[in-house]
Amino acid sequence: MARKKQKKITAVTLAILSGINGCGSIDVSKDYEDYTITKEQYVSEYTEQFDYLEVVTVEYPILSGLGREQEENINKILYDMAMEKVDYWHLTPNEEVKALQKEYSIYSSDVHCDINFYSQYLLSVHFRETYAPFEPVSYVQTTQRCANINITTGEQYLLTDIFQIDDDFMALWCKQVEAEGNYGDLIINDADTRETLGAWFLGEDKETEEYYTFTPFFSMDKNKDFVIGLSYDPKPNQIQGGPPHDNSFYAHFQSSDLDTYRTDSEFWTLYDKSENTGKVIENGTPINNLWLGENASVWEYWKERQ
C-alpha cells in the first residue's frame with residue numbers, strides 16, 4: 001500500500017452570532033462582537049515516519065474573531081484536548097508506550113467534536129474518540145472528554161469547579177445512569193458504587209490510577225442542559241485485546257436538577273446570562289477513517305462474531 005503524506009483539511013464552519021462585550025465587562029445587552037468557529041481535521045495516513053502504519057483522523061475546532069492572543073490560548077486548549085490520546089499513544093509516547101510500539105502493526109484514531117453550546121461567554125466542546133493501539137481490530141477503545149471554556153478569559157472549567165461532588169451528587173448521578181440503562185448492572189445507586197465512582201471523579205483512588213486514567217467530563221446542549229460522565233482509559237499496563245470497549249459512563253441531566261450542587265464559580269454567572277445563538281454552515285466533508293469510521297470493516301468483523 002502506498003504511503004500518504006500528513007495533511008490537514010477544513011471540515012465545517014460555524015458562524016457564531018456571539019457576544020463578547022467590546023469593553024470586556026459582563027453585559028449581554030449590547031456591543032457584541034461576532035466570532036467564528038471552524039472545524040478542522042488533522043489527518044495522517046500511512047506516512048513513512050514510523051516503524052508501524054498509522055491512520056489518524058482528528059476533528060478539532062478553531063476560534064477566530066477574539067483577538068490574537070486570546071485565540072491562540074483557547075485554540076491550543078482545544079487542539080491539545082483533541083489530540084490527547086494520539087499524543088499519548090502515538091506522537092509523544094512515554095517509555096512504557098515506546099516499549100509497546102515495538103508491537104504495533106497499525107495505530108488508528110478517529111476523533112469527532114460536537115459543539116452544541118456556544119454563547120457570548122462560554123463554549124462547550126464534546127470530543128468522542130475511537131482509537132486502537134497495536135491494531136484496529138482487537139484493541140479498539142472508545143472514550144470521551146470535554147472542554148468548557150470562558151471565551152472572555154480563556155479559563156477552562158472542570159466538573160469539580162462547577163459542581164460539589166459529594167455522596168448526594170453521586171446518588172443523583174448513579175440514579176440517572178441506572179435509569180438510562182446503558183450499562184446494565186455496572187452502575188447502580190448503592191453506597192459501594194457511589195464511594196468507588198466518587199473517588200474516581202475526585203481523583204482519590206491512587207491505587208486504581210496506576211492502571212487507568214480517570215477523566216470526569218461535562219458538556220452543555222443548546223437548551224443549557226448537561227451531559228455528565230467519567231472516562232476510564234487504560235494505561236499501557238492494562239491495555240488488552242478483545243471486542244471494542246467503551247471506556248466511558250455518562251448520563252443526561254436537566255439543569256434544574258443540578259442547582260443544589262452548584263459551586264460559587266464565576267461559571268454560573270456567565271452560564272445564567274448566556275444566550276446560545278448562531279448557526280452552522282457546512283463547508284466540506286471530513287475524511288472518513290478507513291479503519292474506525294462509521295462503515296469501517298472492524299465493526300462488521302465484531303458484528304459477525306456476536
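Side-chain rings of F134 and Y104 approach one another, their centers coming within less than 6.0 Å. Side-chain rings of H126 and F217 approach one another, their centers coming within less than 6.0 Å. Ring centers of Y52 and Y107: at least 6.0 Å apart, outside the cut-off. Under the 6.0 Å cut-off for aromatic ring centres, Y139 and H245 do not qualify, their centroids lying 6.0 Å or more apart. Centroid-to-centroid, the aromatic rings of F169 and Y261 come within less than 6.0 Å. Ring to ring, W200 and Y212 are not that close: their centroids are 6.0 angstrom or more apart.
Remark: side-chain polar atoms of N94 are paired, donor with acceptor, to backbone N or O of E96 under 3.5 angstrom. No donor-acceptor distance shorter than 3.5 angstrom exists from the side chain of E59 to the backbone of E40, with no hydrogens or angles considered. Side chain of N148 to backbone of F218: a donor-acceptor contact under 3.5 angstrom is found. A distance-only check finds a donor-acceptor pair linking the side chain of D246 to the backbone of S248 [under 3.5 Å]. A donor-acceptor contact shorter than 3.5 Å links the side chain of E180 to the backbone of H252. Looking only at distances, no side-chain donor or acceptor of N223 sits under 3.5 Å from a matching main-chain atom of D225.
With no hydrogens or angles considered, a side-chain donor-acceptor pair links T143 and D233 at under 3.5 Å. Using a 3.5 Å distance cut-off with no hydrogens or angles, the side chains of T57 and D110 do pair a donor with an acceptor. Looking at D190 and T193, their side chains do bring a donor and an acceptor atom within 3.5 Å of each other.
Under the 4.0 Å criterion applied to side-chain N and carboxylate O atoms, D272 and R262 are assigned as salt-bridge partners. Between E72 and R68, at least one side-chain nitrogen of the basic residue sits less than 4.0 Å from a carboxylate oxygen of the acidic one, meeting the salt-bridge criterion. Salt-bridge check for E209 with K206: passed, with a basic side-chain N closer than 4.0 Å to an acidic carboxylate O.
Within the 4.5 Å cutoff, no side-chain heavy atoms of T160 are placed close to those of P216. Using a 4.5 Å heavy-atom threshold, the side chains of Q120 and E275 count as touching. For the pair Q141 and I239, the minimum side-chain heavy-atom distance is below 4.5 Å.
The side-chain contact (heavy atoms from CB on, under 4.5 Å) search around E71 returns S64, L66, N75, not counting sequence neighbours. Remark: R145 pairs with E129 by the side-chain hydrogen bond (donor to acceptor under 3.5 Å, both in side chains) rule, at least two apart or across chains. Listed by chain and number, the residues in a side-chain hydrogen bond (donor to acceptor under 3.5 Å, both in side chains) with Y157 are N150 (sequence neighbours excluded).
Between the CD atom of Q156 and the CG atom of N73 there is a distance of 12.0 Å, given to the nearest 0.5 Å.
Under the 30°/60° scheme for interplanar angles, the aromatic rings of Y183 and Y250 are found to stand perpendicular. Relative ring orientation between Y271 and W268 is described as perpendicular, the plane-to-plane angle rising above 60° on a 0-90° scale split at 30° and 60°.
Applying side chain to side chain contact (heavy atoms under 4.5 Å, CB included) to I228 and the options L172, L159, V177 leaves one that passes, L159.
A cation-pi arrangement, defined by a distance under 6.0 Å to the six-membered ring centre and an angle within 45 degrees of its axis, is absent between K273 and Y121.
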Does the pair E54 and S108 meet the rule for a side chain to side chain donor-acceptor pair (under 3.5 Å), with working shown? CA-CA 6 Å; E54 91 278 25; S108 192; over 6 Å; no
